[in-house]
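Here's the structure we're looking at; comments come further down.
Keep in mind it's a predicted model, so treat the numbers as computed, not measured. Proteins get letters first, then strands, A, B, ... in listed order; numbering begins at 1 in each.
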There are 2 protein chains.
Amino acid sequence: MNIPNYLAENDIKPSYQRIRIFEYLYHEMNHPTVDLIYKTLAPEIPTLSKTTVYNTLKLFVDKGITSTVTIENNEVRYDAIVTHHGHFKCNVCGIIVDIPLNFNQLNLNELKDVTIEQTQVHLIGKCNKCLTI
Amino acid sequence: MNIPNYLAENDIKPSYQRIRIFEYLYHEMNHPTVDLIYKTLAPEIPTLSKTTVYNTLKLFVDKGITSTVTIENNEVRYDAIVTHHGHFKCNVCGIIVDIPLNFNQLNLNELKDVTIEQTQVHLIGKCNKCLTI
DNA sequence: TAGTAAATTTGTAATCATTACAATTTTATA
DNA sequence: TATAAAATTGTAATGATTACAAATTTACTA
């Protein structure tokens with residue numbers, strides 16, 4: 001994955017900040033909040049502004065290369081995976097992991113008359129690590 | 001449904017404010033925000049405080065007679081239905097409707113090692129009414 | 001290459017939902 | 001009726017997000 005190229009292909013000029021933010025999202029896969037991205041990158045990019053992180057993520061979402069995950073209020077999280085998938089969140093350690101899901105298995109007969117553009121499946125429980133402690 | 005009895009059965013003293021707030025939730029079935037509940041009831045209960053609405057909904061959730069719906073950030077919504085079900089939200093008119101779902105149909109083989117305590121399924125699209133305008 | 005316009009980044013202030021907390025009011029009880 | 005406990009209320013604080021204008025960087029053209 002060449003990140004500058006990937007950004008350019010998606011109509012995003014690959015500025016230094018944008019490259020670093022997407023690189024973080026893509027490599028960490030940790031569904032970070034804006035605050036976590038900012039706190040992680042700020043020491044390495046001293047001029048970085050939190051507003052830039054907000055602006056950049058909004059741009060990524062608009063251009064379709066990032067999705068948002070809102071499981072609980074007061075924290076929007078971001079994900080470099082944009083294909084349909086679900087999320088599992090451990091309510092002990094807080095980790096969020098992507099899970100493949102076959103949405104066709106949901107019986108949506110009740111919804112004949114609507115169009116569905118987005119599906120969010122969030123599972124909340126305890127992860128294996130926290131169960132065995 | 002006798003609301004004072006229902007509250008009492010669930011270990012909640014049926015004060016006037018609590019009765020009115022639950023009555024609103026239960027009859028409207030509109031997945032309101034705190035603000036909407038407050039704005040609707042305040043004219044009829046002039047002394048009502050928004051803090052009371054927050055306190056009361058937190059109590060309802062703790063006692064298990066209300067659930068929260070967080071589809072988008074910056075608005076927690078409340079639902080008097082607490083059995084497992086999903087939600088459909090129209091991104092034009094904003095209406096949120098409950099939808100029955102058979103969660104067993106989700107193929108969760110990937111999650112053998114975790115316990116799942118809560119499942120949230122949110123479908124976002126356009127409702128029939130907004131499609132035909 | 002310099003000069004200018006456009007795009008991007010930045011910092012500060014404003015907004016809005018929610019929570020904290022102490023004071024007041026109401027309810028229950030002795 | 002007096003007192004304690006519970007519930008309600010209003011105000012202030014918090015924290016995420018947005019608005020916005022200034023500063024900086026980049027792209028383009030003469």
Side-chain angles (χ1 to χ4, degrees), chain A residues 3-4 7-8 10-25 31-63 65-79 94 96, chain B residues 3-4 7-8 10-25 31-63 65-79 94 96:
Chain A
I3 288 176
L7 296 181
N10 285 279
D11 196 25
I12 297 168
K13 285 186 193 159
S15 73
Y16 180 68
Q17 287 87 338
R18 290 169 177 176
I19 292 167
R20 292 299 305 275
I21 291 170
F22 192 79
E23 182 181 58
Y24 178 83
L25 264 188
H31 305 83
T33 58
V34 162
D35 197 61
L36 179 59
I37 297 170
Y38 175 74
K39 285 202 167 73
T40 305
L41 295 181
E44 300 169 32
I45 312 171
T47 65
L48 185 66
S49 160
K50 194 178 270 194
T51 299
T52 298
V53 181
Y54 275 104
N55 290 343
T56 301
L57 291 169
K58 183 175 181 350
L59 180 68
F60 289 172
V61 171
D62 288 348
K63 297 296 185 181
I65 65 168
T66 296
S67 60
T68 60
V69 188
T70 305
I71 296 181
E72 276 141 334
N73 193 243
N74 269 355
E75 53 172 33
V76 177
R77 294 171 171 276
Y78 294 87
D79 193 340
I96 295 175
Chain B
I3 289 176
L7 296 180
N10 285 280
D11 196 24
I12 297 168
K13 284 188 193 159
S15 73
Y16 180 67
Q17 287 87 339
R18 289 168 178 176
I19 292 168
R20 293 298 307 272
I21 291 170
F22 192 78
E23 183 182 57
Y24 179 82
L25 264 187
H31 306 83
T33 59
V34 163
D35 197 60
L36 179 59
I37 297 170
Y38 175 73
K39 285 202 166 74
T40 306
L41 296 181
E44 300 169 32
I45 312 171
T47 64
L48 186 66
S49 160
K50 195 178 267 194
T51 299
T52 298
V53 181
Y54 275 105
N55 290 344
T56 302
L57 291 168
K58 183 177 181 345
L59 180 68
F60 289 172
V61 171
D62 289 348
K63 297 296 186 183
I65 65 168
T66 296
S67 61
T68 61
V69 188
T70 305
I71 296 182
E72 277 142 333
N73 194 244
N74 270 355
E75 52 172 32
V76 177
R77 294 171 171 278
Y78 295 86
D79 193 341
I96 296 176

| message | Tell me the interatomic distance from B:Leu7, atom CG, to D:dA7, atom C1', rounded to whole angstroms. | response | 14 Å

| field | Under 3.5 Å side-chain donor-acceptor pair for B:Tyr24 and B:Arg20 | value | no

| task | Pick base, sugar-phosphate or nothing for A:Asp35, based on heavy-atom distances below 4.0 Å to the nucleic acid. | result | nothing

| B:Asn55 CG to D:dG10 P, straight-line distance once rounded to whole Å | 13 Å

| request: Establish, with yes or no, whether the OP1 or OP2 oxygen of C:dT10 is under 4.0 angstrom from a side-chain nitrogen or oxygen of A:Gln17. | output: yes

| note | Against the side chain of B:Thr51, the closest entry in D:dG10, C:dT10, C:dT18 is D:dG10

| message | Reading DNA chain D from 5' onward, which residue's closest nucleotide shows up sooner: B:Asn74 or B:Lys13? | response | B:Lys13

| task | Would you kindly give the NZ-to-C1' distance between A:Lys58 and C:dT8, to the nearest whole Å? | result | 15 Å

| field | Whole-Å gap separating C1' (C:dT18) and OH (B:Tyr38) | value | 15 Å

| Sugar-phosphate only, base, or nothing, as touched by A:Thr47 at under 4.0 Å among non-hydrogen atoms | sugar-phosphate

| Quick one: A:Leu57 CG to C:dT8 P, roughly how many Å, whole number? | 15 Å

| request: For the side chain of B:Tyr54, starting at C-beta, report the closest nucleotide among C:dT10, D:dT8, C:dA17. | output: C:dA17

| query | Out of D:dT8, D:dT17, D:dT9, which nucleotide sits closest to the side chain of B:Arg18? | reply | D:dT8

| remark: Scanning both residues in full, the closest heavy-atom pair of A:Ala42 with A:Leu48 reads N-CD2, 4.2 Å

| message | I need the A:Tyr38 OH to A:Thr51 OG1 distance, nearest 0.5 Å. | response | 9.0 Å

| field | Candidates C:dT10, D:dT8, D:dT17 - which lies nearest the side chain of B:Thr56 | value | D:dT8

| said: Quick check on DNA chain C: between B:Lys50 and A:Ser15, whose nearest nucleotide comes earlier from the 5' end? | reply: A:Ser15

| remark: Rounded to whole Å, CG of B:Leu48 lies from P of D:dA7 at a distance of 16 Å

| said: Expressed as a whole number of angstroms, how long is the span from A:Leu36:CG to D:dT17:P? | reply: 13 Å

| said: What is the distance, to the nearest angstrom, from the CZ atom on A:Phe60 to the C1' atom on C:dT8? | reply: 13 Å

| Qualifying residue for side-chain contact (heavy atoms from CB on, under 4.5 Å) with B:Leu7, from B:Asp11, B:Asn10, B:Ile3 | B:Ile3

| note | Of D:dT17, D:dT8, C:dT8, the nucleotide closest to the side chain of B:Thr52 is D:dT8

| Yes or no on side-chain contact (heavy atoms from CB on, under 4.5 Å) for A:Ile21 and A:Phe60, after CA distance, side-chain angles and deciding distance? | CA-CA 10 Å; A:Ile21 291 170; A:Phe60 289 172; 4.0 Å; yes

